[in-house]
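In what follows, chains are A, B, ... by sequence order, proteins preceding strands, each numbered from 1. Since this is a predicted model, take the numbers as computed values, not measurements. All heavy atoms count here, side chains included; hydrogens, waters and symmetry mates do not.
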Amino acid sequence: GQSLEQPSEVTAVEGAIVQINCTYQTSGFYGLSWYQQHDGGAPTFLSYNGLDGLEETGRFSSFLSRSDSYGYLLLQELQMKDSASYFCAVRDPASGAGSYQLTFGKGTKLSVIP
Amino acid sequence: SQTIHQWPATLVQPVGSPLSLECTVEGTSNPNLYWYRQAAGRGLQLLFYSVGIGQISSEVPQNLSASRPQDRQFILSSKKLLLSDSGFYLCAWSGLRGTGTFGSGTRLTVV
């Protein structure tokens with residue numbers, strides 16, 4: 001089976017840096033993704049790590065360590081609009097189907113305060 | 001670019017009534033498609049996924065079913081809705097690099 005663990009809530013101050021961690025256990029592994037979801041909206045793709053290391057996209061960076069089954073999302077220069085839920089997801093092969101499922105963590109609710 | 005159209009945006013249905021939610025994908029061929037459900041304040045639960053026409057895999061036993069009559073069409077159905085079927089239903093497409101794209105979702109309330 002697959003499971004992902006991430007903190008349920010994080011609070012940070014506007015302008016600060018916050019790191020959201022994700023650990024995973026999967027039967028197979030083909031990369032770790034991050035998604036952002038504002039209240040009432042659909043998740044939107046933020047970043048993907050297929051190999052170890054850091055991927056940077058503007059104020060957001062994502063890191064992966066496959067040996068540790070661990071990754072994190074780093075948000076810099078936090079803005080109020082960054083208040084949202086953030087989900088990590090793994091892409092792993094489903095048994096017998098040739099499909100690559102996206103299995104999500106339960107999400108981290110980030111609250112950015114003034 | 002890939003886009004997913006999902007409708008309706010909101011739906012209120014009485015217990016015991018049927019359900020049909022439709023999702024269509026543009027900008028890609030032979031996509032892997034998914035139906036997720038999200039309860040209020042909770043994570044995303046995978047309900048069904050499909051690797052091709054007529055190919056459906058179910059992740060959890062439930063009151064719902066799915067069908068894929070065309071390559072770019074994925075339908076979620078129920079013959080008789082239960083109160084517990086209420087939730088936010090999301091259709092998604094998964095790319096090669098885990099770059100999933102979600103539809104805008106359907107918020108279903110069963111009363």
Revision key, fill the gap. So CD of B:Gln38 and NZ of A:Lys106: to nearest 0.5 Å the spacing works out to 13.0 Å
Practice item. Spell out, yes or no, whether A:Leu54 and A:Ile17 are grouped together once hydrophobic residues are joined by side-chain heavy atoms under 4.5 Å, including indirect joins. Key: yes
Review point. Atom OG1 of A:Thr103 and atom OH of B:Tyr49: how far apart are they, to the nearest 0.5 Å?
Key: 9.5 Å
Review point. Looking at side-chain heavy atoms only, is the closest gap between B:Phe88 and A:Gln37 below 4.5 Å?
Key: yes
**Study point:** Joint hydrophobic cluster, B:Leu83 plus B:Val111, side-chain heavy atoms closer than 4.5 Å
**Key:** no
Practice item. Among the options A:Ala89, A:Pro43, A:Gly107, pick out the one with the most heavy-atom pairs lying under 4.5 Å from chain B. Key: A:Pro43
Point to revise | Closest heavy-atom pair and its distance - B:Gly103, A:Ala42 | key: O-CB, 3.0 Å
Exercise for review: May I ask you to check whether over 12 heavy atoms, not counting those of A:Glu77, lie within 6.0 Å of atom CD?
Suggested key: no
**Study point:** ILVMFWY network linking A:Tyr70 to A:Tyr24, side-chain heavy atoms under 4.5 angstrom
**Key:** no
Exercise for review: May I ask whether A:Tyr48 and A:Phe63 are part of the same hydrophobic cluster, defined by side-chain heavy atoms of I, L, V, M, F, W, Y residues being less than 4.5 angstrom apart, directly or through others?
Suggested key: no
Practice item. Establish whether A:Ile20 and A:Leu78 are linked, either directly or via other cluster members, by ILVMFWY side-chain heavy-atom contacts under 4.5 Å. Key: yes
Review point. Pick from A:Phe87, A:Phe45, A:Tyr35: which one makes a ring pair (Phe, Tyr, Trp, His ring centres under 6.0 Å) with B:Phe102?
Key: A:Tyr35
Review point. Which region of B:Gln6, side chain (C-beta onward) or backbone (N, CA, C, O), has a non-hydrogen atom less than 4.5 Å from a non-hydrogen atom of chain A, or is it both or neither?
Key: neither
